[in-house]
Amino acid sequence: MICSFSGLRNKEVVNVRSGEKIGYADDIELDTAEGRVISIIIYGRSRALGLMGRDDDVVIRCSDIRLIGEDTILVDIGDTAKPSKEPRYKVDNLLKTSR
């Protein structure tokens with residue numbers, strides 16, 4: 001199958017080990033010397049409408065890709081698909097009212 005980058009961006013990435021939907025392919029890494037794709041990058045989710053930054057990007061090596069279908073990309077990765085950033089801000093105190 002021949003797939004353009006714009007077609008690749010519309011495909012959802014799913015981890016076959018956990019069944020978790022990781023996101024959509026946002027970018028790719030290219031090796032320009034050898035002319036091949038190195039990895040697919042999924043941008044981290046934005047927090048608080050982007051005001052609090054965003055989570056780490058998820059980088060999936062091409063060796064971890066098992067199948068590129070019409071609608072999805074199946075990858076075989078363990079817990080590396082989860083962004084490594086821990087939430088830094090908690091909004092628990094906003095729910096309490098002071099009297």
Side-chain angles (χ1 to χ4, degrees):
M1 170 196 327
I2 297 174
C3 183
S4 66
F5 178 64
S6 60
L8 189 70
R9 291 189 68 174
N10 295 326
K11 297 179 189 291
E12 188 168 30
V13 181
V14 177
N15 187 354
V16 295
R17 286 191 187 195
S18 64
E20 178 184 13
K21 296 177 182 179
I22 301 170
Y24 290 87
D26 291 310
D27 205 353
I28 57 174
E29 267 185 316
L30 295 172
D31 181 357
T32 57
E34 295 185 24
R36 62 186 182 100
V37 176
I38 302 294
S39 60
I40 293 175
I41 301 170
I42 301 168
Y43 295 148
R45 295 181 180 149
S46 61
R47 291 181 275 147
L49 301 172
L51 298 173
M52 305 286 262
R54 64 177 199 190
D55 292 332
D56 289 337
D57 297 343
V58 177
V59 179
I60 301 171
R61 297 183 315 253
C62 281
S63 60
D64 294 331
I65 297 173
R66 295 294 168 247
L67 179 69
I68 298 177
E70 292 295 323
D71 298 325
T72 58
I73 300 171
L74 300 178
V75 296
D76 186 8
I77 51 179
D79 292 335
T80 58
K82 296 185 179 179
S84 60
K85 262 190 195 174
E86 292 294 322
R88 294 183 188 160
Y89 306 99
K90 293 186 179 182
V91 292
D92 296 339
N93 296 334
L94 295 177
L95 299 177
K96 298 177 184 175
T97 57
S98 58
R99 293 180 187 191

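The chain is numbered in sequence order, starting from 1.
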Would you name the heavy atoms of [X] and [Y] that are closest together and state the gap between them?
X   : Y   : value
S39 : C62 : N-SG, 4.0 Å
A25 : I42 : CA-CG1, 4.3 Å
E70 : K11 : O-NZ, 2.9 Å

Is there a path from Y24 to I28 through hydrophobic residues (I, L, V, M, F, W, Y) whose side chains come within less than 4.5 Å of each other?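 No: no chain of side-chain contacts under 4.5 Å links Y24 to I28.
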Could you state whether I38 and I22 fall into the same hydrophobic cluster, counting links through intermediate Ile, Leu, Val, Met, Phe, Trp or Tyr residues with side-chain heavy atoms under 4.5 angstrom apart?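 No, I38 does not connect to I22 through the hydrophobic network.
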Side-chain contact, heavy-atom cut-off 4.5 Å: D26 with I41?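 Of all side-chain heavy-atom pairs linking I41 with D26, none is under 4.5 Å.
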For the residue pair R17 and I77, establish whether any side-chain heavy-atom pair is separated by less than 4.5 Å.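 No; the side chains remain at least 4.5 Å from each other.
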Between atom [atom1] of [X] and atom [atom2] of [Y], what is the distance when rounded to the nearest 0.5 Å?
X   : Y   : atom1 : atom2 : value
I73 : L8  : CD1   : CG    : 4.0 Å
K21 : S18 : NZ    : OG    : 12.0 Å
N15 : I60 : CG    : CD1   : 8.0 Å

Just checking R61: does its CZ atom have more than 12 heavy atoms from other residues, nucleotides or ligands closer to it than 6.0 angstrom?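 Counting neighbours around CZ of R61, 12 or fewer heavy atoms of other residues, nucleotides or ligands fall under 6.0 Å, so no.
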Residues clustered with V16, ILVMFWY side-chain links under 4.5 angstrom: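 Reading the cluster by chain and number, V16 sits alongside V14, L67, L74.
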Set of residues satisfying salt bridge (Lys or Arg N to Asp or Glu O under 4.0 Å) with respect to E34, sequence neighbours excluded: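 In terms of salt bridge (Lys or Arg N to Asp or Glu O under 4.0 Å), with neighbours along the sequence ignored, E34 is linked to R36.
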